[in-house]
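Please read the structure below before turning to the comments.
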Protein chains: 2
Amino acid sequence: MKNTTPKTSRMTRQRGVVVGVFESNPRPLAPEEVLNLAKLGQPKVSLSTVYRTIKRLLDDGWLKTVELPGLSPRYEIAGKHHSHHHHFVCIMCDRTYDIEGCGVNLRPLVPRGFKLTDHHLTLFGQCGSCR
Amino acid sequence: MKNTTPKTSRMTRQRGVVVGVFESNPRPLAPEEVLNLAKLGQPKVSLSTVYRTIKRLLDDGWLKTVELPGLSPRYEIAGKHHSHHHHFVCIMCDRTYDIEGCGVNLRPLVPRGFKLTDHHLTLFGQCGSCR
DNA sequence: ATTCGTGCAAAGACTTTGCATAAAT
DNA sequence: ATTTATGCAAAGTCTTTGCACGAAT
């Protein structure tokens with residue numbers, strides 16, 4: 001991602017680079033992915049800054065965490081993504097994609113006396129680029 | 001869990017204790033849970049042994065890993081559990097339960113050109129003991 | 001001048017591993 | 001005696017944090 005923001009704006013600093021990475025990438029991203037993409041525009045960005053910026057953007061509600069079974073968390077722009085959706089993880093390239101819709105009937109699965117408040121569904125397979 | 005095996009058997013050693021913990025607990029267990037349960041029978045068991053034993057039992061195919069979004073992995077007896085099932089995580093006590101059945105139609109969710117090979121479903125809520 | 005952001009290195013949490021010792025065969 | 005398992009402490013990985021410096025206001 002290229003940093004095209006004016007030198008005088010707050011966006012010229014590293015944080016702006018991290019924001020830009022998310023803005024120009026549609027998929028949920030892992031910190032390392034963010035770092036590598038950020039370095040394209042600003043080679044000296046550090047992993048600390050990536051982590052710190054992600055944390056702050058989460059606090060701001062601008063990012064949300066994508067938890068995946070067996071994988072470290074990814075992050076995606078909160079507003080860009082509708083209330084409830086799931087994810088597809090490519091077992092070849094390890095990239096994560098958003099899945100539209102949900103369409104699962106979970107009520108029958110909930111044990112007697114348990115109360116369901118949320119659920120996570122993760123699909124695994126090969127993405128379009130890896131088949 | 002009590003160690004009731006004869007002193008001369010291989011089962012008197014720590015590994016046997018770990019095996020016993022899984023045998024007498026129906027839920028998927030985290031390493032720390034295994035350690036605490038194992039200590040009831042054998043107070044000097046170390047966390048290393050728990051991790052090493054889990055790894056070995058996984059290699060043997062006796063245990064299988066239960067990956068959960070946002071949580072460290074749990075382990076459960078492989079044979080005890082039917083081919084395909086999912087899990088319920090209690091948001092109060094953090095315990096994990098097996099869920100029978102699956103009943104989700106995922107085909108409509110898979111993006112064009114992607115190939116689905118597996119899926120994970122995790123339910124979150126309050127378990128019977130925590131409501 | 002003061003506030004805020006950043007890189008670096010150190011510290012944390014969780015898991016794995018090397019090594020000397022103890023147990024089993 | 002030889003092989004295998006264990007505890008402890010050290011090392012690894014991923015993430016967070018303290019600190020001094022640089023940038024913004």
Side-chain angles (χ1 to χ4, degrees), chain A residues 1 3 5-22 28-60 62-75 89 94 96, chain B residues 1 3 5-22 28-60 62-75 89 94 96:
Chain A
M1 166 263 170
N3 181 358
T5 4
K7 294 281 188 294
T8 50
S9 148
R10 163 162 295 167
M11 284 296 137
T12 55
R13 300 181 71 173
Q14 308 304 40
R15 185 189 171 186
V17 177
V18 174
V19 168
V21 165
F22 279 105
L29 300 174
E32 282 291 333
E33 290 181 288
V34 175
L35 179 65
N36 293 331
L37 291 164
K39 274 182 171 165
L40 298 178
Q42 201 95 23
K44 62 189 169 89
V45 190
S46 72
L47 192 51
S48 315
T49 292
V50 171
Y51 275 110
R52 264 189 290 235
T53 305
I54 287 173
K55 172 168 281 187
R56 172 199 275 254
L57 294 171
L58 285 170
D59 290 345
D60 294 350
W62 192 81
L63 277 184
K64 59 184 286 196
T65 305
V66 177
E67 311 274 23
L68 301 166
L71 299 166
S72 53
R74 272 78 170 137
Y75 304 91
V89 177
D94 210 55
T96 303
Chain B
M1 165 265 170
N3 181 1
T5 5
K7 293 281 185 298
T8 50
S9 150
R10 162 162 297 166
M11 283 298 137
T12 55
R13 299 184 70 174
Q14 308 303 40
R15 183 188 172 188
V17 177
V18 173
V19 168
V21 166
F22 279 105
L29 300 174
E32 282 291 333
E33 290 180 288
V34 175
L35 180 65
N36 293 332
L37 291 164
K39 275 183 172 166
L40 298 179
Q42 201 95 26
K44 60 191 171 84
V45 191
S46 73
L47 192 51
S48 314
T49 292
V50 170
Y51 276 110
R52 265 190 291 234
T53 304
I54 287 173
K55 173 167 279 186
R56 173 199 275 252
L57 294 171
L58 286 169
D59 290 345
D60 294 350
W62 193 81
L63 278 184
K64 59 184 287 195
T65 305
V66 176
E67 310 274 23
L68 302 166
L71 298 166
S72 53
R74 272 79 171 137
Y75 304 91
V89 177
D94 210 54
T96 303

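Below, chain A is the first sequence line, B the second, and so on; all start at residue 1. Keep in mind it's a predicted model, so treat the numbers as computed, not measured.
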Please report, rounded to the nearest Å, how far the [atom2] atom of [N] is from the [atom1] atom of [X].
X: B:Y51; N: C:dT17; atom1: OH; atom2: P; result: 13 Å
X: A:L71; N: D:dT15; atom1: CG; atom2: C1'; result: 16 Å
X: A:E33; N: D:dC14; atom1: CD; atom2: C1'; result: 15 Å
X: A:Q42; N: C:dG5; atom1: CD; atom2: P; result: 16 Å
X: A:D94; N: D:dC14; atom1: CG; atom2: C1'; result: 15 Å
X: B:L47; N: D:dC8; atom1: CG; atom2: C1'; result: 12 Å
X: B:E32; N: C:dA13; atom1: CD; atom2: P; result: 12 Å
X: A:D59; N: C:dC4; atom1: CG; atom2: P; result: 16 Å

Regarding the side chain of B:R52, the nearest nucleotide among C:dT15, C:dG7, C:dC19 is C:dC19

With the side chain defined as heavy atoms from C-beta on, B:P31 is closest, among D:dG7, D:dT16, C:dT15, to C:dT15

(request) Go through the N and O atoms of the side chain of A:R56 and the base of C:dG5, and report whether any donor-acceptor pair is under 3.5 Å. (result) no

With a 4.5 Å cut-off on side-chain heavy atoms, are [Y] and [X] touching?
X: A:W62; Y: A:V19; result: yes
X: B:T53; Y: B:V17; result: no
X: B:F22; Y: B:I54; result: yes

- Using a cut-off of strictly less than 4.0 Å, decide whether A:K55 has a side-chain nitrogen or oxygen near OP1 or OP2 of D:dT17. yes

Collect all protein-nucleotide pairs involving nucleotides 9-11 of chain C in which both atoms are nitrogen or oxygen and the distance is under 3.5 Å.
residue: C:dA9; atom: N6; partner: A:S48; partner atom: OG; Å: 3.4

Side chain to side chain contact (heavy atoms under 4.5 Å, CB included) filter on A:S72, not counting sequence neighbours, yields A:R74

Sorted by chain and number, sequence neighbours left out, side chain to side chain contact (heavy atoms under 4.5 Å, CB included) with A:Y51 holds for A:P31, A:L47

Residues at least two apart in sequence or cross-chain that pass salt bridge (Lys or Arg N to Asp or Glu O under 4.0 Å) with B:D59, listed by chain then number, are none

Contacts of A:R52 meeting salt bridge (Lys or Arg N to Asp or Glu O under 4.0 Å) (sequence neighbours excluded), chain-then-number -> none

